[in-house]
Amino acid sequence: MLRLALRPLRRLYGELPAVQFGPLALKACREAMIQHGLARTTINGYVSRIRQVFRWAVENELVPGPVLQALRALPGLKRGRTLAPEPELVRPVEEADMEAVLPFVARQVGAMIRLQWLTGMRPQEVVQMRMADIDRGGRVWIYRPRDHKVEHHGMDRVVPLGPQAQEVLAPFLSLDPLAFLFSPKEAEKERRAAMRQRRRTKLWPSHASAARKRRRRSGEQALRDSYDTASYRRAVARGCDKARVASWSPNQLRHSAATRIRREMGIEAAQAVLGHRKLETTQVYAEVNLQRAVDAMERLG
């Protein structure tokens with residue numbers, strides 16, 4: 001994201017001394033983003049990241065403080081007052097479309113899809129799941145992601161895992177508490193094993209050698225121990241294509257869970273399960289929200 005945010009700055013002002021970069025130059029970078037067709041919220045986020053770079057430079061005494069103060073004078077783009085388009089609303093995934101994709105993805109990806117559908121986890125939370133992060137002491141398990149979106153606010157993120165989510169997780173519970181539960185390496189091993197089982201002709205050593213050469217020529221990289229949000233999103237997109245359903249992304253599963261939980265148990269339960277808590281009320285309502293989330297997942301997750 002930072003690299004994308006800095007792209008217009010480097011293109012327009014790459015040779016300009018940092019101390020001479022001011023609000024008008026930042027506005028020109030923003031205009032270039034508008035001309036490129038970026039959404040209003042994306043542009044505001046990129047401008048904020050440019051300011052973050054200058055804040056780092058001020059902290060390290062590479063540029064004087066007034067440079068950053070001047071950049072802060074540029075307000076963000078307002079809805080309806082700019083030519084930049086509004087971002088498309090993230091729509092929930094229809095259950096039929098979610099179910100249609102499952103036969104066309106690896107079982108690891110299918111499990112992540114089901115977990116998001118049940119619990120409303122963010123994609124980055126589900127891809128990093130490990131045994132060490134799950135408390136299985138109660139009827140509803142509690143998952144605490146190591147890294148999460150609101151971590152920098154000092155907020156704790158807890159994801160209750162009800163009976164259905166526990167059933168999804170059961171085949172992946174590893175003896176190694178620090179191992180990622182959903183491994184693309186394992187998914188690829190299972191895919192190749194299935195291909196060998198379906199093979200009708202004898203597999204000669206030359207076939208394996210030819211396959212290795214093809215992978216080297218195609219630049220195939222070594223598979224990682226865990227999915228990241230990008231590889232997870234791509235796997236879902238391929239599944240949508242194979243299932244011939246409208247394309248959807250893992251982020252939409254979170255919205256699906258929110259819609260379902262709100263319909264069944266109310267907006268406060270949905271807020272608690274998804275972790276949408278205001279910073280100033282976290283200490284007061286944390287336990288209340290956790291209990292609401294546990295109650296909701298015991299019934300729905």
Minimum heavy-atom distance L118-R260, with the two atoms named: O-NH2, 3.1 Å

Nearest heavy-atom neighbours spanning A18 and V63: CB-CG1, 3.6 Å

Verdict with reasoning, Y232 to Q108, per side chain to side chain donor-acceptor pair (under 3.5 Å): CA-CA 10 Å; Y232 176 30; Q108 289 80 0; over 6 Å; no

Salt-bridge contact E99-R114 (side-chain N to carboxylate O under 4.0 Å): yes

Side-chain donor-acceptor pair present, T41, N44, cut-off under 3.5 Å: no

Residue pair V140 / Q166: nearest heavy atoms and the distance that separates them: CA-NE2, 3.8 Å

More than 12 heavy atoms from other groups under 6.0 Å of CD on E190: yes

Salt-bridge present (D135, R144; N to O < 4.0 Å): no

Closest non-hydrogen atom pair, M121 against Q116: O-NE2, 2.9 Å

Shortest non-hydrogen contact between A243 and A100, atoms and distance: CB-O, 3.4 Å

Minimum side-chain heavy-atom gap R107-P171 below 4.5 Å: yes

Whether F54 and F21 hold their rings parallel, tilted or perpendicular, with breakpoints at 30° and 60°: parallel

Lys/Arg-Asp/Glu bridge criterion (N-O < 4.0 Å) met for R130, D133: yes

Sole residue of R136, M129, E167 in side-chain contact (heavy atoms from CB on, under 4.5 Å) with L161: M129

Charged N-O contact under 4.0 Å between K189 and E186: yes

Derivation of the side chain to side chain donor-acceptor pair (under 3.5 Å) call for Q128 and Q124: CA-CA 7 Å; Q128 62 173 302; Q124 60 266 37; over 6 Å; no

Side chain to side chain, V159 and W141, heavy atoms closer than 4.5 Å: no

Heavy atoms from other residues, nucleotides or ligands near CG of L24 exceed 12 (cutoff 6.0 Å): no

